[in-house]
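In the text below, chain A, chain B and the rest are named by the order of the sequence lines, each starting its count at 1.
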2 protein chains.
Amino acid sequence: MADLETRNLRYFVAVAEELHFGRAAERLGIAQPPLSRAIKRLEARLGVELLARSGGRVTLTEAGEVFLRESRRALDAVAAAAHRAVRAGRGARRLVLTMKPGGDAGLLPAILAAYEAMPGALPVEIMAGAGDRSAPLRDGRADVGMLHSPYSDLEGLDAESLLVERQVVLLPTGHRLAARPWVRLSDLRGETMPPWPSRPVGSIAGQNVIDVGQLMQLIALGRTIAVVPESVRDVMRQDGVVCRPVLDAPPTTVVLAWQQDNCSTAVAAFVRAATEVAVRAAASPPAGVPATADA
Amino acid sequence: MADLETRNLRYFVAVAEELHFGRAAERLGIAQPPLSRAIKRLEARLGVELLARSGGRVTLTEAGEVFLRESRRALDAVAAAAHRAVRAGRGARRLVLTMKPGGDAGLLPAILAAYEAMPGALPVEIMAGAGDRSAPLRDGRADVGMLHSPYSDLEGLDAESLLVERQVVLLPTGHRLAARPWVRLSDLRGETMPPWPSRPVGSIAGQNVIDVGQLMQLIALGRTIAVVPESVRDVMRQDGVVCRPVLDAPPTTVVLAWQQDNCSTAVAAFVRAATEVAVRAAASPPAGVPATADA
DNA sequence: CGGGCCGATACCCTGAGGGTATGGCGGACC
DNA sequence: GGTCCGCCATACCCTCAGGGTATCGGCCCG
């Protein structure tokens, strides 16, 4: 069982995700034949068939499924090694927090204040950006992240729930559903919806959704509608947009997540600060963010 | 930040462990100059100095410490990907248990019986061997392991304590301390002791200690003495060897450990079986393995 | 039965990475 | 303080892993 290079893993992950050698090769920036060879060699080295090429279809074998999951984890670990070392070398210890802009449900200021009041608190750097917010946690670019539970993949991360929210749909004022006090998911069939939870940042009619403000504009213009956690309503208001509860949408949870094996005391302190703030917020919710009524 | 290959990590880990390019190169089976170049390139790619070469001394920088830890973890993850995929491909789902022979404190038969009585239990394969028993857990060759707490490195593993044991010293009958009812650690200064907890399997006067039986023989022959958890006494008796409690030796804990991110139900079931057995054993200890008296 | 899609094979070629020889710098010892 | 020695860095060469192009072969579909 010779040494597996990360290149082998990257190649396999690409093929496993595309289930198509040609597209995977293109994504990797190489030609298809070397990729075929590489995968074949990989299978030979492991002594296991990872992909079933039965005619025009490529599918993952059971071993391939396992190897895909483990490979992703291993690649994350390699990336984390690099990022953590760089951050350690750049001196200036910091705690990096990753989040979607506006995704903190208004909790962040209080959490930051609580954390920074703790003895030995590090400066907190906020890393806001589009795309999958859990990736920076896995690959070591961030220490903690505010994620949204059903949307983000928490596999391999530790997490603490901060807040459970209902979801609302954002509609332009002139929309056919805007007159109703509430809607159901079935009412939204056939509407243009941004693929909010999907992995690559979604595009609506060619426009990339990169921040909540832009999304609001698009809604006001009648180009799309969106289902979002109700706290977004308070963070970002926009004329021409109304929100209506979606009764049967599953509730979202704002979770604070971090890498499982992270033994840093700074992360532990931040998590403690955040949960304390969350408990307090649940007890006495700020105006505009009503607590979920007891059943 | 170009792709880091596992080769880079392996090379760095070797140098970081040896703190000597020449020895590290020898260990890796390559010459020293390519190794120097590789490390230098690695540092250039990361943009961080990992090693401080100040005169004849090589030391790790702070970033190097971080990178060493993370690199080990990443290499384990890569190895785990390979092993898990192979095991998944070989069909025949099994639960692999790693342990030091005789290191189960007599708990194993009951644990196996309890686990196998559970619905959906997999066949258990026992992987006994010398060396570091936590490595197979990290690199995916084993699912669960019985480790000994102060001796095995549990970093990055989840673990459940099964049993806390006092330690005893094994002496040849003719030994100067054999006449005493108990000893203290200070009495053992200067004695020939196998480096039991050390990473490479220790050698006593050129003999590799590979199993408990051999160790017993060596003790009976007066070649060495050993401090071991008291349950070893019951698993393996030998004429010519007596055991005496070591009053001030730290107690050892038999722990059941597994990879943190392992979400397999089989592992969960095994852990549950083991803890139940351990609780029962603590309540009514079998003859010969007295429970630790309440303080 | 023919065309097109897609993975596998054949063959070449480039460059990353390994080897040998040697330089250069520090520390140690007399 | 000079010399020696240990050890990492540099210089230079060479080999082969891995990438590219061209093409084959099997499968599906019309």
Extract from the structure each pairing of a protein N or O with an N or O of nucleotides 16-25 of chain C at less than 3.5 Å, listing the distance.
residue	atom	partner	partner atom	Å
dG17(C)	OP2	Arg41(B)	NH2	3.1
dG18(C)	OP1	Tyr11(B)	OH	2.7
dG18(C)	N7	Arg37(B)	NH2	2.5
dG18(C)	O6	Arg37(B)	NH1	3.3
dG19(C)	OP2	Ala31(B)	N	2.6

Between [Y] and [X], does any NZ, NE, NH1 or NH2 come within less than 4.0 Å of an OD or OE carboxylate oxygen?
X         : Y         : answer
Arg10(B)  : Glu5(A)   : yes
Arg141(B) : Glu125(B) : no
Glu43(A)  : Arg53(A)  : yes

Spacing between [X] atom [atom1] and [N] atom [atom2], to the nearest angstrom:
X        : N       : atom1 : atom2 : answer
Leu28(A) : dG18(D) : CG    : P     : 14 Å
Ile39(B) : dC7(D)  : CD1   : C1'   : 15 Å
Leu42(B) : dA9(D)  : CG    : P     : 13 Å
Asp3(A)  : dG18(D) : CG    : P     : 11 Å
His20(A) : dG4(C)  : NE2   : C1'   : 12 Å
Glu26(A) : dG19(D) : CD    : P     : 17 Å

Of Lys40(B) and Arg23(B), whose closest DNA chain D nucleotide lies nearer the 5' terminus?
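Whichever sits nearer the 5' end wins; that is Arg23(B).
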
Take Leu9(B) and Leu4(B) through the side chain to side chain contact (heavy atoms under 4.5 Å, CB included) test and state the conclusion after the steps.
CA-CA 8 Å; Leu9(B) 304 187; Leu4(B) 227 41; 4.2 Å; yes

When you measure from the side-chain N and O atoms of Ser36(A) to the phosphate of dA8(C), is any distance below 4.0 Å, counting only OP1 and OP2?
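Yes, Ser36(A) has a side-chain N/O under 4.0 Å of OP1/OP2 on dA8(C).
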
Take Asn8(A) and Arg45(A) through the side chain to side chain contact (heavy atoms under 4.5 Å, CB included) test and state the conclusion after the steps.
CA-CA 11 Å; Asn8(A) 301 124; Arg45(A) 261 196 286 214; 3.3 Å; yes

To 10°, what angle do the rotation axes through the five end pairs on each side of the helix from dC1(C)-dG30(D) to dC30(C)-dG1(D) form?
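It comes to 30° between the two terminal axes.
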
Checking side chain to side chain contact (heavy atoms under 4.5 Å, CB included) for the pair Leu42(B)/Phe67(B): CA distance, chi angles, key distance, verdict?
CA-CA 11 Å; Leu42(B) 175 62; Phe67(B) 195 62; 3.8 Å; yes

Exercise: identify the closest heavy-atom pair between Val48(A) and Gly89(B):
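In this case the closest contact between Val48(A) and Gly89(B) is CG1-CA, 3.7 Å.
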
Check Arg87(B), Arg84(B), Gln259(B) against Asp143(B) for a side chain to side chain donor-acceptor pair (under 3.5 Å) and give me the one that passes.
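Running side chain to side chain donor-acceptor pair (under 3.5 Å) over Arg87(B), Arg84(B), Gln259(B) with Asp143(B) returns exactly one hit, Arg87(B).
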
Distance-only criterion, 3.5 Å: show the donor-acceptor pairs between side-chain atoms of residues 21-35 of chain A and protein atoms not counting sequence neighbours.
residue	atom	partner	partner atom	Å
Arg27(A)	NH1	Glu17(A)	OE1	3.2
Arg27(A)	NH1	Glu18(A)	OE2	3.0
Arg27(A)	NH2	Glu17(A)	OE1	2.7
Gln32(A)	NE2	Ser36(A)	OG	3.0

